[in-house]
Number of protein chains: 2
Amino acid sequence: MNNKQLRKVRIKEIIRDNIISSQDDLLKLLRDEGFSLTQATLSRDLKKMKISKVAYTDNTYRYIIPKDSPSKPKSGNRGFVSLDFSGHMAVVRTLAGYASPMAVLMDNSPSDLFIGTIAGRDTIFVALNENNINHEKFRIYLENLLSDNED
Amino acid sequence: MNNKQLRKVRIKEIIRDNIISSQDDLLKLLRDEGFSLTQATLSRDLKKMKISKVAYTDNTYRYIIPKDSPSKPKSGNRGFVSLDFSGHMAVVRTLAGYASPMAVLMDNSPSDLFIGTIAGRDTIFVALNENNINHEKFRIYLENLLSDNED
DNA sequence: CTAATTATTGTATATTTATGCAATATTTTT
DNA sequence: AAAAATATTGCATAAATATACAATAATTAG
């Protein structure tokens, strides 16, 4: 294991075991352990590891390790297969059985972009808002819904 | 609904439907809609809402709504709600819409413990193997099924 | 109503984080 | 091994974000 990999492992451990509220905090701890690096490198490491600062309930900021961080196969898009459009209708194809829960997800994240969904076994019809038809935005909406919201 | 609350609602919607990579991005969109505020206020709003910038797989940063946000459905165990038994039948309750995919999961992980499943919207009936009725084992089977593999 | 209290916001700025570029180091190719 | 290609890093700084403080607005108490 080279220095970079070792460093990354320690970064995760430190963040798991400490309250870190800035990159400089973390930088100091790493340097105390003998690592030699700068904030710039740390910023890059954290980006690669998807570790980021979030607001905590105690009104402070902390760095946290995302729950799904450990190289999760991106195939886990909740059964998503494809998205196509037909006029005012978006058609989402899913793996067998996934259409209904995905439609429920959408129903629970309402948006101006659509006015309703109906799901079969592996297909969802989404009635888009005729005053606000924007395929690209709907695609982004769905992408965010499916990737931001893992179990 | 006063201006602040309205603004916060819109912030969530905008982040859900767009790719936002800085507070200034968001600020511009809000101002386009007629909101009058500064980056400082936005920073405070986002802190309160626990919305933060995270590294995305495409090597960019995006603001995202945290997973446990109230607008997202709570789905810790893949929509699982409860498990009960009635004679040779196990009855699994799920969140609305989750019954079918969960039954598919079970069908794809066959076991001597049951001989078939049938799913409605939020309920699965599982016909247990009458030669091998063991409620506790089935509970463990289901527990493992729901916690093991990723989506 | 008026005063007191609390909440919201902007300004200005400090703090924090990200990145272009050049230098080094590492790995791969020949 | 040398050359070429790729990756890692620091430096300097740009870009982005958070916050102290003061002002203003809204709410509550008397």
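So that the names make sense, note that chain A is the first sequence line, chain B the second, and so on, each numbered from 1. As a basis for the values below, the full set of heavy atoms in this structure was taken, side chains included, without hydrogen atoms, waters or symmetry mates.
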Trainee: What is the distance from CG of B/D45 to P of C/dT8, rounded to the nearest Å?
Mentor: 10 Å

Trainee: Does A/Q39 make a side-chain donor-acceptor contact with the base of C/dA18, cut-off 3.5 Å?
Mentor: yes

Trainee: Just to be sure I understand the rule, does A/S43 reach a base, reach only the sugar-phosphate, or reach nothing, if contact means heavy atoms closer than 4.0 Å?
Mentor: base

Trainee: Output every pair passing salt bridge (charged side-chain N to carboxylate O under 4.0 Å, His left out) with a member in residues 91-106 of chain A, not counting sequence neighbours, ordered by first then second residue.
Mentor: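 Qualifying pairs: A/R93-A/D122.
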
Trainee: To the side chain of B/Q23, which of C/dT11, D/dA18, C/dA18 is closest?
Mentor: D/dA18

Trainee: Nearest whole angstrom, please: distance from the P of D/dT9 to the CD1 of A/I11.
Mentor: 10 Å

Trainee: Can you measure B/R7 atom CZ to C/dT9 atom P for me and round it to whole angstrom units?
Mentor: 4 Å

Trainee: Are the side chain of A/K53 and the backbone of A/S22 linked by a donor-acceptor contact shorter than 3.5 Å?
Mentor: no

Trainee: Counting side-chain heavy atoms from CB outward, which of D/dA18, C/dT9, D/dG10 is closest to A/L37?
Mentor: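 So the side chain of A/L37 is nearest to D/dG10.
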
Trainee: OH of A/Y63 versus P of D/dT17: gap in Å, rounded?
Mentor: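 Rounding to the nearest Å, OH of A/Y63 and P of D/dT17 are 11 Å apart.
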
Trainee: Toward the 5' end of DNA chain C, which comes first, A/R44 or B/R44, by nearest nucleotide?
Mentor: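 Nearest nucleotide further toward 5': that of B/R44.
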
Trainee: Provide, to the nearest angstrom, the distance between the NZ atom belonging to B/K53 and the P atom belonging to C/dT16.
Mentor: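 Atom NZ in B/K53 sits about 15 Å away from atom P in C/dT16.
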
Trainee: Would you say B/F138 and B/V126 make side-chain contact, with heavy atoms under 4.5 Å?
Mentor: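 Counting from C-beta outward, B/F138 and B/V126 do come under 4.5 Å.
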
Trainee: Just to be sure I understand the rule, does A/S36 reach a base, reach only the sugar-phosphate, or reach nothing, if contact means heavy atoms closer than 4.0 Å?
Mentor: sugar-phosphate

Trainee: Counting side-chain heavy atoms from CB outward, which of C/dA18, D/dT19, C/dT9 is closest to A/Y61?
Mentor: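 Per side-chain heavy atoms of A/Y61, the pick is D/dT19.
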
Trainee: Applying the salt bridge (Lys or Arg N to Asp or Glu O under 4.0 Å) criterion to A/D45, which one of A/R7, A/R10, A/K4 satisfies it?
Mentor: A/R7

Trainee: What contact category does B/S22 fall into here, base, sugar-phosphate, or nothing, at under 4.0 angstrom with non-hydrogen atoms?
Mentor: sugar-phosphate

Trainee: Taking only the side-chain heavy atoms of A/A40 (C-beta and beyond), determine which of C/dG10, D/dA12, C/dT16 contains the nearest atom.
Mentor: D/dA12

